[in-house]
Amino acid sequence: MPVVEQLVEFVRDHYRTTDFVPLHAPVFRGNEKAYVVETIDSTFVSSVGAFVDRFEKDMAAYTGSSRAVATVNGTAALHVALRLVGVGQGDYVITQPLTFVATCNAIAYCGAEPIFIDVDRHTLGLSPTALEAWLSEHAYRDDAGQCRRREDNRVIRACLPMHTFGHPVDVDGLLRVCHDWKLFMVEDAAESLGSTYRGQHTGTFGDIGTLSFNGNKIITTGGGGMILCDEEAGKRAKHLTTTAKRPHTYEYVHDELAYNYRLPNLNAALGCAQLEQLDAYIADKRQLAASYAACLDGSEYNFFTEPEGCRSNYWLNAVICSDLSQRDQLLQITNERGIMTRPIWQLMNRLPMYSNAPSGELPNALWLEARVVNLPSSIRAHHAGEA
Ligand SMILES: *Cc1c(COP(=O)(O)O)cnc(C)c1O
């Protein structure tokens with residue numbers, strides 16, 4: 001049997017269905033309903049309520065972060081994270097061209113501009129080697145030690161790597177370059193909740209890390225996000241996400257321009273229930289990844305596996321095809337057969353709003369853009385409660 005046919009059969013068998021198989025659908029088999037009903041019964045569905053505090057504490061404990069601050073979505077978490085490290089008007093933030101658009105939008109919301117640096121093929125994330133090479137050629141440190149771009153002397157404030165599909169970037173390599181060039185590091189860990197690098201959770205290495213709980217992520221709150229940081233930054237994050245209101249029993253005093261980015265209690269209730277099941281979800285996903293690898297073993301489809309020293313949550317499974325025509329063939333056959341598959345994102349430097357941003361050479365990003373296909377990766381509904 002041709003390997004794509006084998007793949008289609010494997011997916012149908014795994015999900016025990018002859019219906020359409022989506023790329024990633026949420027599963028609610030735990031305390032979700034009970035906790036959401038609890039918020040409705042209590043009337044505390046909105047900006048005040050016990051589930052927000054609990055979700056933040058549980059998430060900090062799970063990831064090993066000193067503090068976790070919930071937000072209305074992952075993009076808002078990224079926006080505030082960049083503000084926390086001082087990204088402002090006219091600054092540059094270095095990121096990868098291979099990411100979801102939210103990463104770049106958060107930079108633009110600060111009045112800053114992205115600089116695109118290539119990814120590594122073995123992590124799918126920002127390459128420390130490419131970063132170091134680009135900085136050596138195009139940047140310098142001024143008398144105050146601040147990193148600036150040679151061409152226009154504008155400040156390069158931070159570096160924003162993303163853990164693609166849950167696979168950790170080369171954290172040590174990036175931390176070293178960021179230290180040498182005095183760049184803040186903010187981790188976009190929207191896709192990698194539960195993934196570890198040398199035993200430590202992604203999102204806890206940089207100055208700040210962010211998570212997303214959108215409907216397609218490994219756990220969902222409907223919409224939601226989280227900022228992972230230290231105590232000091234946490235206080236500031238809470239202030240910035242809650243309209244900078246000074247604590248007071250009855251008076252409204254707001255001491256700076258800030259945002260209404262807080263996560264409603266209703267959504268946090270869903271998050272608490274989902275987080276209780278995260279380890280079971282990861283186990284299910286890792287088992288699926290191993291099965292995909294076995295199914296495609298020896299074929300011309302190269303199943304992407306976690307980088308060395310890492311434990312990935314395998315949020316979205318991916319194969320690397322040998323070329324563009326093979327990629328298109330895989331996409332066409334699987335989608336025709338009701339198995340949803342998808343190419344990786346179009347590179348950010350091609351989007352109209354970022355096409356003028358500075359960019360290094362991007363051979364690996366271009367290579368991957370033509371070859372990567374995501375495979376169905378939902379948690380099994382008939383399995384999630386049992387693990
Ligand atoms: C999902 C995601 C985000 C945040 O998305 P929201 O929908 O705003 O929660 C940010 N970056 C990446 C890479 C993502 O995949």
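Note that ligands are numbered from 1 as they come in the structure, with each ligand's atoms numbered from 1 the same way.
- Below 4.0 Å from some heavy atom of N73 lie the following atoms of ligand 1, by number and element: 8 (O), 9 (O).
- What sits closest to atom 15 (O) of ligand 1 on the protein, heavy atoms only, is E191 OE2, 2.5 Å.
- Distance from atom 11 (N) of ligand 1 to its nearest protein heavy atom, with residue and atom name: D188 OD2, 2.8 Å.
- Remark: E5 engages R337 in a salt bridge, criterion side-chain N to carboxylate O under 4.0 Å.
- Numbered from 1 in the order shown, with element, the atoms of ligand 1 that lie under 4.0 Å from a heavy atom of M162 read 13 (C).
- Not one N or O on the side chain of Y292 forms a donor-acceptor pair closer than 3.5 Å with the backbone of V319.
- S136 and E132 are linked by a side-chain donor-acceptor pair at a separation below 3.5 angstrom, with hydrogens and angles left out of the test.
- Shortest contact from atom 3 (C) of ligand 1 to any protein heavy atom: A190 CB, 3.6 Å.
- Cluster membership check: V372 does not share its hydrophobic cluster with L330, using side-chain heavy-atom separations under 4.5 Å among Ile, Leu, Val, Met, Phe, Trp and Tyr.
- The pair E191-K285 fails the salt-bridge criterion, with no side-chain N (NZ, NE, NH1 or NH2) lying under 4.0 Å from an Asp/Glu carboxylate O.
- At a heavy-atom cutoff of 4.0 Å, ligand 1 is contacted by no atom of N216, backbone or side chain.
- In this structure, atom 8 (O) of ligand 1 lies nearest to the protein heavy atom T75 OG1, 2.5 Å.
- Between F100 and ligand 1, no N or O atom pair is found at a separation short of 3.5 Å.
- Every atom of ligand 1 with a heavy atom of T99 under 4.0 Å away is listed here by number and element: 13 (C).
- A salt bridge does not link R149 with E113: every distance from a Lys NZ or Arg NE/NH1/NH2 to an Asp or Glu carboxylate oxygen is 4.0 Å or more.
- Relative orientation of the H24 and W315 rings is tilted, given thresholds of 30° and 60° on the angle between their planes.
- Closest to atom 1 (C) of ligand 1 among all protein heavy atoms lies K217 NZ, 1.6 Å.
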